[in-house]
4 protein chains.
Amino acid sequence: MPTKKKPQVTTGPAAPARRRELLDIAAAVFAEQGYNATTVRRIADNSGMLAGSLYYYFDSKDAMLEEILRTFLDELWDQYDTVLGAGLGPGETFQALVTESFRAIDRHRAAVAIYQNEAKQLIAQERRFAFLEVSQLKFEKTWLSTLERGVAVGEFRADLDTRVTYRFVRDTVWVAASWYRPSGRYSPEQIARQYLSMVLDGIAVRT
Amino acid sequence: MPTKKKPQVTTGPAAPARRRELLDIAAAVFAEQGYNATTVRRIADNSGMLAGSLYYYFDSKDAMLEEILRTFLDELWDQYDTVLGAGLGPGETFQALVTESFRAIDRHRAAVAIYQNEAKQLIAQERRFAFLEVSQLKFEKTWLSTLERGVAVGEFRADLDTRVTYRFVRDTVWVAASWYRPSGRYSPEQIARQYLSMVLDGIAVRT
Amino acid sequence: MPTKKKPQVTTGPAAPARRRELLDIAAAVFAEQGYNATTVRRIADNSGMLAGSLYYYFDSKDAMLEEILRTFLDELWDQYDTVLGAGLGPGETFQALVTESFRAIDRHRAAVAIYQNEAKQLIAQERRFAFLEVSQLKFEKTWLSTLERGVAVGEFRADLDTRVTYRFVRDTVWVAASWYRPSGRYSPEQIARQYLSMVLDGIAVRT
Amino acid sequence: MPTKKKPQVTTGPAAPARRRELLDIAAAVFAEQGYNATTVRRIADNSGMLAGSLYYYFDSKDAMLEEILRTFLDELWDQYDTVLGAGLGPGETFQALVTESFRAIDRHRAAVAIYQNEAKQLIAQERRFAFLEVSQLKFEKTWLSTLERGVAVGEFRADLDTRVTYRFVRDTVWVAASWYRPSGRYSPEQIARQYLSMVLDGIAVRT
DNA sequence: GATGAATGAGACTTCATTCAT
DNA sequence: TATGAATGAAGTCTCATTCAT
């Protein structure tokens with residue numbers, strides 16, 4: 001029908017490719033300079049347009065950030081859910097989750113970096129980003145139960161505080177986004193293998 | 001006696017104590033909300049004064065941040081240098097450095113969190129914070145050489161990429177500042193021991 | 001035709017015209033109230049916009065001042081250089097320079113007043129205004145050499161201190177900006193003639 | 001009597017010497033940096049005290065400025081009135097007034113410079129400085145009538161616009177404060193004589 | 001007489017956002 | 001689709017001034 005729809009924030013039909021492009025540019029800047037320190041004008045400059053023009057595609061700076069993070073988390077959970085539904089043992093699950101995480105870092109480096117840097121503040125300050133907290137809790141439950149199952153079946157050491165271990169593993173994996181470069185000499189799977197080797201077996205020589 | 005003394009010893013010179021107090025308040029807010037997202041007014045509110053009054057003590061918001069980070073790093077390097085000058089073997093050095101790091105987190109939790117969140121941007125954007133990069137490089141050299149010495153004498157596994165391991169260890173330690181609470185149920189030394197157990201021996205059961 | 005042209009010639013590029021307009025308003029206020037005593041908000045009020053909007057056109061209050069003074073000095077030197085390149089004798093040169101100066105006052109009254117009031121401080125306090133000092137030195141050289149040539153060829157009295165005379169002439173001319181009104185009953189050329197009469201022949205009756 | 005008087009602003013008996021000293025320091029800074037650009041703290045620094053302490057001696061920054069200017073103008077008018085009451089002819093009066101003006105510049109260089117730079121704005125902006133306008137009007141009347149008497153008796157050229165000539169002479173004299181240095185190679189009387197020679201006889205060679 | 005600490009108003013500036021074209 | 005111009009809120013910082021000690 002002849003009614004023109006203004007593009008929707010989440011699924012807008014108008015020029016979805018351009019949207020993606022703009023979000024990628026925005027994500028790169030957010031990751032590098034920090035969300036607050038990034039001006040809309042900077043994103044526009046990098047996109048070859050003027051600041052005001054971005055508002056044709058997005059409702060606000062916050063909306064861009066939200067879409068970046070949602071896209072990343074949606075895809076991440078797709079992968080995680082596949083792993084979790086595969087009926088693997090705890091050790092295998094653990095390794096698969098770590099590997100998927102490094103793949104996510106590989107594909108969404110900017111989004112991961114943003115998530116690392118900003119999530120805490122966003123959750124505390126804006127209701128719009130409550131979904132981040134939801135994801136975090138689901139995350140925690142997933143990893144904790146995997147670790148506990150692993151302890152139960154004797155695959156993980158029983159003398160570790162599971163909560164501390166959870167944080168240890170979580171940080172260990174995601175912080176890699178701050179230095180990992182897709183074009184570096186390791187593939188995500190290789191990095192994952194190295195990390196797993198350290199986390200599972202330690203860095204000390206076994207005596 | 002009729003001699004007028006300026007500041008009484010009992011009261012102490014007011015300014016330095018108040019400065020410390022204000023810096024602690026500022027550090028707490030910076031850590032919680034992020035440096036950019038923190039307004040000078042917020043710091044003043046938390047200090048029971050008006051925004052302008054802070055400028056009686058400090059030249060600028062940046063100057064406050066700089067002093068917070070310098071104080072932390074200066075003290076940290078005092079401890080590190082003591083460890084490094086003690087003539088310990090690489091394994092012992094490693095453990096001592098980790099322990100000192102957790103002690104630093106215990107004493108300067110806010111400063112560590114700020115350092116984690118902001119250092120990258122500060123180095124890139126303001127010459128005033130070049131000292132952060134200097135510290136980072138010294139840091140890297142210290143840890144890398146300790147790891148390499150450990151590999152050389154057979155205390156650390158030889159099959160690990162030292163740079164990746166360095167990042168792994170570094171992140172592992174400092175990210176703890178984002179969740180560690182001084183009043184929690186573990187002392188810094190206990191946390192250090194748990195971390196060392198995981199990092200050195202791994203979380204998997206030895207087969 | 002279907003080709004879209006960006007700015008129409010009839011309208012002209014909006015920005016440069018508006019800039020000029022805003023600079024004229026700013027110059028008037030700077031001249032009347034003094035640069036420091038003038039608030040950006042005052043300029044905006046006089047321009048029918050909000051203070052922040054000025055920053056769409058100019059980087060800062062200083063930048064506005066700089067552009068005002070540069071525009072004035074550039075044009076002044078254009079005229080001076082034409083006079084100096086005309087191969088006139090010292091007396092004629094002197095008269096032509098004075099006349100051009102009064103014309104400049106006529107066209108850039110506000111800028112001249114600002115220059116008179118602020119140049120000394122600006123040169124001392126901000127590197128950005130070093131060009132004012134350059135101009136001053138060139139100015140001094142020009143007038144001094146004209147006077148000296150005049151003395152040499154016997155057109156000016158030989159018993160005067162040239163430096164003192166230079167200052168006398170310089171001040172005499174430019175201070176007029178503080179009271180000259182373009183709409184007054186004298187044209188710049190008429191004012192120039194009166195000034196020249198006084199300066200060259202004195203106000204006393206010849207005995 | 002045992003009552004302690006707080007020092008009065010204008011005639012305060014408490015430490016009048018210190019007041020003078022402070023006013024001299026303030027005048028020097030006002031003259032060099034401009035009134036608005038001068039901070040109370042700067043004056044205090046130059047006086048070896050803290051900003052707040054100045055308020056023991058003076059009610060406000062404005063009050064300091066007022067006292068500086070009043071002191072200067074009072075003394076100037078004392079001298080002028082003496083000249084005007086001496087029953088001299090217009091030419092001699094003219095020369096005597098010019099000479100007194102250069103003496104005033106010699107004794108109150110800072111005050112004269114401040115007067116030159118700020119009077120216009122002060123008169124327009126603050127009622128407290130209305131006395132400046134009173135003085136200006138008296139000034140104008142004095143010089144104008146001297147010039148007119150001189151024309152009437154044939155001592156000054158009749159073909160000059162008296163108002164323009166008045167401004168010419170006035171500016172010519174006072175602007176000297178901007179470059180005259182008491183320790184320079186000319187005494188105020190010598191400078192006066194040079195100025196009079198130029199103003200009365202012109203700089204051109206008589207043909 | 002002077003200090004040290006704080007106030008409060010106001011300055012310049014930045015920036016996300018809007019909207020007519 | 002995009003621009004150009006403008007808004008308005010908010011932020012950092014300055015500074016004259018006050019006042020208890």
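Excluded from the calculations below are hydrogen atoms, water molecules and symmetry mates; all remaining heavy atoms, backbone and side chain alike, are included. Chain letters run A, B, ... following the sequence lines, proteins first, then strands; residues in each count from 1. Predicted model, so just to flag it, every value in this text is computed and none were measured.
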More than 12 non-hydrogen atoms from neighbouring residues, nucleotides or ligands closer than 6.0 Å to CZ on A:Arg41, yes or no?
no
Side chain of A:Leu50: nearest nucleotide among E:dA6, F:dT18, F:dT3?
F:dT3
Could you check how far CG of C:Asp62 sits from C1' of E:dT13, rounded to whole Å?
12 Å
Interatomic distance where CZ belongs to C:Phe58 and P belongs to E:dT14 [whole Å]:
15 Å
Under 4.0 Å from OP1 or OP2 of F:dC15: is there any side-chain N or O of D:Thr39 that close?
no
Hey, does the side chain of C:Ser53 come within less than 4.0 Å of F:dA5's phosphate (OP1/OP2), counting only N and O?
no
Side chain of D:Lys61 - closest among E:dG1, F:dA16, F:dT3
F:dA16
For the pair made of CG in A:Asn36 and P in F:dA10, what is the distance, rounded to whole Å?
15 Å
Which whole-number value in Å describes the distance from C:Tyr35 OH to E:dA11 P?
14 Å
D:Asp45 CG to E:dA2 P, in whole Å, measures 15 Å
Any strand counts, and the cut-off is 3.5 Å on both contacts for Watson-Crick or G-U wobble. Which nucleotide pairs with E:dC12?
F:dG11
For a quick check of understanding: with a heavy-atom distance under 4.0 Å over all strands, which category does D:Ser47 fall into, base, sugar-phosphate or nothing?
nothing
Using the six-membered ring wherever Trp is involved, compare the ring planes of B:Phe72 and B:His108 and label them parallel, tilted or perpendicular (cut-offs 30° and 60°).
tilted
Can you check whether D:Arg41 has a side-chain N or O nearer than 4.0 Å to OP1 or OP2 of F:dT14?
no
Does D:Tyr55 place a side-chain N or O at less than 4.0 Å from the phosphate oxygens OP1/OP2 of F:dT17?
yes
With both distances under 3.5 Å as the test, what is the Watson-Crick or G-U wobble partner of F:dG4?
E:dC19
The side chain of A:Ser60 lies closest to which of these nucleotides: E:dA2, E:dT17, F:dT1?
E:dT17
Salt bridge C:Glu67-C:Arg19, side-chain N to carboxylate O under 4.0 Å
yes
C:Asp59 or B:Gly48: which one's nearest nucleotide on DNA chain E is closer to the 5' end?
B:Gly48
Evaluate A:Phe129 against A:Glu118 for side chain to side chain contact (heavy atoms under 4.5 Å, CB included), listing each step before the verdict.
CA-CA 11 Å; A:Phe129 291 101; A:Glu118 321 280 354; over 6 Å; no
Please determine if A:Lys120 forms a cation-pi arrangement with A:Tyr115, meaning its NZ or CZ atom is less than 6.0 Å from the six-membered ring centre and no more than 45° off the ring axis.
no
Without decimals, in angstroms, what is the distance between A:Glu21 CD and F:dT1 C1'?
14 Å
Just the rounded figure in Å: distance from P of F:dC15 to CG of D:Leu54.
15 Å
For side chain to side chain contact (heavy atoms under 4.5 Å, CB included), just list the numbers for B:Phe30 and B:Asn117, CA-CA rounded to whole Å, side-chain angles, deciding distance to a tenth of an Å, and then say yes or no.
CA-CA 10 Å; B:Phe30 289 157; B:Asn117 296 330; over 6 Å; no
A:Met49 side chain: which of E:dA6, E:dT13, F:dT3 is closest?
F:dT3
State which of F:dT3, F:dA16, E:dG1 makes the closest approach to the side chain of D:Val40.
F:dA16
Under 4.0 Å between a side-chain N/O of C:Tyr57 and OP1 or OP2 of F:dA6, yes or no?
yes
Under 4.0 Å: is that the gap between some side-chain N or O of A:Tyr56 and OP1 or OP2 of F:dT3?
no
Take the protein atom CZ of B:Arg42 and the nucleotide atom C1' of F:dA10, then report the distance between them rounded to whole Å.
16 Å
